[in-house]
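Working notes, beginning with the structure itself.
Whatever order the structure lists ligands and atoms in, that order sets their numbers, starting from 1.
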Amino acid sequence: MSIKNLASINQSFYKKDLISIDQLDPLSIQIIFRTTQHIIDLLQKNEGGDILKGVLATLLFFEPSSRTFSSFAAAIKRLGGVTVEYQNPTTTSSTVKGETLEDTVRVFENYSDIIIMRHPMTGAPIRAAQAAHAPVVNAGDGSGEHPTQALLDMVTLFQRFGRVDHLKGVIAGDLLYGRTVHSLIKAFAMFEGNELYLLSPPELSLPPELMKEFTKKGIKLTQLETEKEIPTDCQFWYWTRVQKERFSDIKEYERVKNRYVVTPELLKERGNKEMVIMHPLPRVGEIDNRIDSDPRALYLTNQVKNGMYIRMALIALIMGKL
Ligand code: CP
């Protein structure tokens with residue numbers, strides 16, 4: 001592809017919102033991979049520290065976050081940008097006085113070039129994007145989507161296998177409320193030949209409408225009943241947490257939490273040498289700590305680092321800096 005074409009594709013991100021993985025296509029995902037690698041290369045040479053100079057981003061996180069909040073903040077600051085950071089605005093901003101989400105973002109866009117929002121309510125970032133003139137990035141909304149998590153997961157697999165098509169993997173845990181897996185399965189469905197094996201308590205299985213939507217796109221999805229059915233030739237296992245905060249009945253949560261746990265024994269029985277083990281984190285017992293030192297475990301290393309790098313790439317593209 002010519003430099004001119006590449007530049008025009010990069011332009012397609014300019015000042016755009018990113019609310020759902022559906023807004024991307026295989027080419028734009030590859031551009032994000034390429035831009036991420038470009039930034040990694042620059043940083044290794046101690047260059048690129050001014051890519052976001054003059055950019056001010058507002059981080060509005062209405063729901064707790066460790067990785068997404070800090071990696072966006074680190075990404076922007078390490079590339080020379082600055083941030084207005086609001087954690088828990090529900091109790092510390094004028095939201096407590098009844099200010100609407102729409103008014104809140106319309107105020108913050110006066111101070112900033114881009115708004116990055118996490119919210120417990122599915123669809124809140126769409127409302128924010130409709131109200132704001134500044135671009136809005138969804139940093140996770142309820143049980144809806146988490147597009148930047150899917151991008152960091154895909155780039156992690158791309159670095160390891162050199163492709164994100166024709167991969168076979170297990171996606172386990174909370175597939176009902178899990179926004180990370182909703183975005184990730186959508187991303188996999190864009191590329192040919194991917195086969196995903198879904199492992200969840202029946203109460204937390206992928207909603208039938210999403211199952212239908214994804215399979216219509218051509219991806220092969222197979223629901224497993226037990227760990228014993230995991231194919232032994234997978235390239236990855238992607239485990240997720242059963243999310244206590246999505247349950248109104250704590251007894252129901254206690255009943256289904258940690259139904260499936262990655263242990264050295266399970267890995268020995270159903271794993272293989274080439275595969276990788278991934279998790280968006282936080283984890284609360286569903287991956288045994290003894291796995292952490294296994295070189296196949298990427299959840300505390302590659303995935304976390306790539307979270308910052310892809311967010312650098314994404315913000316630079318949206319701000320028209322690369
Ligand atoms: N993976 C993820 O979204 O982590 P945080 O909730 O800590 O941001």
Side-chain angles (χ1 to χ4, degrees), residues 18-21 32 36 57-78 83 85-90 114-125 128 136-157 159 169 171-188 200 204 236-247 253 257 262 276-287 291-292 297-315:
L18 179 61
I19 306 298
S20 164
I21 278 287
I32 292 171
T36 302
T58 291
L59 274 63
L60 279 176
F61 276 57
F62 290 83
E63 192 185 73
S65 165
S66 297
R67 280 145 292 274
T68 314
F69 182 86
S70 329
S71 61
F72 266 116
I76 293 156
K77 290 170 186 173
R78 287 186 68 170
T83 53
E85 299 179 2
Y86 238 121
Q87 289 223 62
N88 203 9
T90 315
I114 182 164
I115 293 172
I116 297 154
M117 173 180 284
R118 168 168 290 191
H119 206 289
M121 189 170 59
T122 305
V136 174
V137 175
N138 179 3
D141 63 318
S143 54
E145 281 216 41
H146 196 348
T148 60
Q149 177 71 45
L151 290 170
L152 80 87
D153 296 331
M154 295 296 269
V155 88
T156 302
L157 287 164
Q159 286 168 349
I171 299 202
D174 179 358
L175 309 186
L176 175 63
Y177 301 116
R179 60 193 174 208
T180 61
V181 297
H182 296 161
S183 289
L184 188 59
I185 300 172
K186 277 187 183 182
F188 274 121
S200 62
L204 295 176
F236 66 92
W237 290 4
Y238 189 95
W239 238 254
T240 64
R241 169 177 71 101
V242 172
Q243 304 169 92
K244 194 176 181 178
E245 66 272 28
R246 308 280 177 233
F247 285 78
Y253 165 73
K257 73 169 189 188
V262 182
V276 294
I277 305 150
M278 299 172 71
H279 193 302
L281 301 181
R283 67 171 156 172
V284 285
E286 62 280 358
I287 297 185
I291 305 288
D292 298 358
L298 305 185
Y299 42 88
L300 288 168
T301 53
N302 304 45
Q303 278 179 277
V304 179
K305 281 194 204 107
N306 285 330
M308 183 179 70
Y309 294 138
I310 74 101
R311 288 169 178 127
M312 285 174 164
L314 186 68
I315 302 294

Less than 3.5 Å apart, any donor N or O on the side chain of His146 or Arg118 sitting next to an acceptor on the other? yes

Using a distance-only test with no angle check, is there a side-chain donor-acceptor pair under 3.5 angstrom linking Arg246 and Ser143? no

Checking side chain to side chain contact (heavy atoms under 4.5 Å, CB included) against Thr180, which of Gln149, Glu145, His279 comes through? Gln149

Determine whether the aromatic ring centres of Tyr177 and Tyr253 lie less than 6.0 Å apart. no

Is there a side-chain contact between Ile116 and Ile76 in this structure, where contact means two heavy atoms from C-beta onward sitting under 4.5 Å apart? yes

Every residue of the protein that comes under 4.0 Å of ligand 1, judged on heavy atoms: Ser65, Ser66, Arg67, Thr68, Arg118, His146, Gln149, Pro280, Leu281

How many angstroms lie between atom OG1 of Thr83 and atom CZ of Phe69, to the nearest 0.5 angstrom? 7.0 Å

